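Let me begin by presenting the structure, written as structure tokens, before commenting on it.
Predicted model only: the values in this text are computed from it and were never measured. In the text below, chain A, chain B and the rest are named by the order of the sequence lines, each starting its count at 1.
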Amino acid sequence: MVEKWSAVILAGGIGSRLNPLTAKICKPMVPLCNRPMVDYAIDHLRYAGIKKIIIVVKHFGNELRDQINSTWTKEVCEKLGIEILIPKVNSMGTADAVRKVAEEITSENFVVSMADIVTNLPMTKFMEYHLNKKAQATVSMKRIEEMATKYGNTLLDDNGKIIRFLEKPSSQEIYLSALTIRTVETLPIINTGIYCFNRDILDLIKETTFMDFGKEIFPYLLEHQYRLYGFVDDYYWLDVGNPTTYLWSNWDILRLYGWPITPPGKQEEKFKWFLEKPPSHLKYGENVCIGENNTFGKDNYIKSLTSIGSNCTLEDNVIMDKSVIWDGVKIGNNVRIEQSVIANNCVIGENCVIKSCTIGPNSTIHPKNTINSKILNADSIL
Amino acid sequence: MDEITDLSTIIKRGRIQAIGNKVITPELAAKIGGAVGTYLGANGIMVVAREFNNNNRMLKRGFISGLMSTGVNILNLHSAPVPVLQFSIRRFGAESGVYFGNGSASEGIVQIRFFDSSGIEYDKSNLESVNEYFRNNKIVRANPLNVGAISDIPYTQDIYKKAIPQFIDRKLLKSKNLVVVVDCSYGPSSIVVPSILTELQNDCIAINAYENDQKANEMFPNLRSIKDVVNIVKASHADLGIVLDSDGSRALYIDETGTILTYEELMMFFLKYDKELSSASSGSSIIISKSSSKVLEQFAVDLNELKILKSKNYPGEISRALREERAILGGSDTYKFYFPKYGPFSDATFTTLKILEILATQELPLSVLIRSFPRNLHAYKTIPISEENLFSFILKLKDFIRKKDIESDKKLDFQDLLIGIKIIVKDMGWVVISPSVHVNTIELTAEGFDPQKSEELISLATEYVENCQK
């Protein structure tokens, strides 16, 4: 079955809501537990047995291409038996991106995925569902607990066929739709952004000027009675949309909620991942991941649900709790960091307390600062 | 009455709370609405609901005026239990919700509670932000053409009634025809609970299940209403008795022998018999309130090596911890139970359905199912009291605590357990003072950090019982 499939990863997102974390990189490059998000998307597809993966880049395209090529080298791909292509195209939307790489899609069916969501959607089950339904398009879906007005909502019939799309509907529209459908769902069903297509759809994309799947292609398919289905299942899915959900997604990966997605490195002890064995004097809790080439002083304590990148320096008596530290960060003596994200190359002076903050890259926090619930832009000095 | 210029003077335990139409006037409610609307921003959507009684109705209308003036759109639920409001916020993707109710308070006290987009009560920082706009008169009014719209959502109760049973084994429950006595405490749960139970083919005996303005200033549930349920359960050979709090978020549960189950027994009941919870992987987390009995912690560890995390029993705190820790169950000693598969908040209707589902699965009476559970190693004492004083005891105790300003003692914390009061003493433990439903006595139960402290807690409670009757 799987030989019949290839995949396109749309990796063109800017990630403006994630700012300042996306001030110097694009969203697919943002690290989750020391790995760029796009790597999780690649793993997700290759774990499902997909051998050919086409990645469409846009913002920070060259940087992203270089990063992908440095991780997924020719040797690595050959060893894994996969092919990764990153064509040089300039796309104007999700559907346009697929149009621009259509010639590379040679399989009967293909998957379109995103590089900025973290999910363990059961891909093979999803692909089999698409084939069993003889669908021309199948959309991955999920019941969502809150803020359904921020996403595309969908109404399905008993057979899983999509009967209506509500693109970012108002609460009143969701209320009315709940009244019109007999089988009342407890929670709204939203589109989680992964699609299976039969290659018939490529002809439609080529023949039209549609730019976007959600706003144009799917409504068209529905109106013209294509075989359009929804795959609803209970799986882990998190839209890494803002600094708070970004922090949560790191915690979830450390808790293995995204299994088989895991942090990089050896899991020498349960729920602890190290790219390099940390020094014996370092005290750390459960659910942590630590990169390489780090320097740890005395009496540091890396508490639970913390991720530390590579090339960082922690002086003495640094306590970190439920936080994410990217690469090249320098932290002085007697610093306490809780539920915060510190981006690349920041310098935190001694005797600082940082709680519930997001600090953009290349920022400097002078000694003896206490900051709470703040978002600092890139290159900030405080 | 002095004009309120700072909401912090009427924020108690994370909620705006004061006497309606004396302290919280319609004008004040409108100003609070304006501050909340400014905090949400124009074009936000808020679901608005209330308990029965005209005091809440009047204040809700004042609040809505202020809210609309800032451009926020409103989904109006009218009278509804709190969990239906929380369900609606999530179901319809709204940004926020507000509830006007009385809780178990008395004498015209109104509580205004705010909820975020997950249906979780606002935390301290959210309320402080609202208060910033209020205190500094920084309310941003909308252009006259952009004033918020108000939409009724009258069939929401029907959507809720259809949705909530989807989480349990309806077929099994329908086949058992269980007998249930439910006291709705004259609250809006009466709109949904009896019909859900009947729809699932339970034989439902509903009492106090209508709006009654005559009872608006009485505290419900109270000892008399609880005793009535105990007696009806025994007389009708019911499988379960339920005494709902008037806002529908929690309830007391009574087994077929007329015994009220403790919060700890109910938690153990869910952990042991619920299909999903009992098969949860070891190391899964549960969240409990800090003053839960140690016996519950030991039970959870022995059962499946569950990880116990303790949370402050403050509005929304357990819900937030539940979401942050991805826990499988939450509970607080105020009889609130949180099933994350359903939602991050306590809904007495859902808790009831869970209990009935387990009774249907186990095919044994509730008292038998909980018989083997470990008991607390408590200090215990009973104090005789006249029948006349027994029924008014809890009101007098609450009054005593309020008048003596004991509430402000930072070493003490008080929890309303619907039938009694739990006093938590820092570095000592806790003691529960509750009137008996069977004999004319006040029962004192304490769990101290050690036996000596348990005895000291009993002495403290005895002092309270004696003093509040003087």
Tell me, for [X] versus chain A, whether the close heavy atoms (under 4.5 Å) come from the side chain, the backbone, both or neither.
X: B:Lys341; value: side chain
X: B:Ser151; value: side chain
X: B:Pro340; value: backbone

Counting heavy-atom pairs under 4.5 Å with chain B, which one of A:Leu305, A:Thr149, A:Asn153, A:Asp234 comes out on top?
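With the most close heavy-atom pairs to chain B, the winner is A:Thr149.
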
I'd like to know whether B:Arg323 forms a side chain to side chain contact (heavy atoms under 4.5 Å, CB included) with A:Trp248, so could you lay out the CA-CA distance, the side-chain angles of the two residues, the decisive distance to 0.1 Å, and finally the verdict.
CA-CA 10 Å; B:Arg323 211 167 57 161; A:Trp248 289 356; 3.4 Å; yes

Does this structure show an ion pair linking A:Lys322 with B:Glu325, if we count only N-O contacts that are shorter than 4.0 Å?
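Counted as a salt bridge, because a side-chain N and a carboxylate O are separated by less than 4.0 Å.
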
Heavy-atom neighbours of [X] [atom1] exceed 12 at 6.0 Å:
X: A:Gln267; atom1: CD; value: yes
X: B:Lys174; atom1: NZ; value: yes
X: B:Lys310; atom1: NZ; value: yes
X: B:Tyr155; atom1: OH; value: no

Roughly how far apart are [X] [atom1] and [Y] [atom2], rounded to 0.5 Å?
X: A:Asn372; Y: B:Ser125; atom1: CG; atom2: OG; result: 9.5 Å
X: A:Leu176; Y: B:Phe92; atom1: CG; atom2: CZ; result: 9.0 Å
X: A:Ile174; Y: B:Ile153; atom1: CD1; atom2: CD1; result: 11.5 Å

Between [Y] and [X], is there a side-chain heavy-atom distance shorter than 4.5 Å?
X: A:Gln172; Y: B:Ile45; result: yes
X: B:Leu75; Y: A:Tyr175; result: no
X: B:Glu324; Y: A:Trp251; result: yes

Could you tell me which portion of A:Tyr257 (side chain, backbone, both or neither) has an atom closer than 4.5 angstrom to a non-hydrogen atom of chain B?
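Only the side chain of A:Tyr257 comes within 4.5 Å of chain B.
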
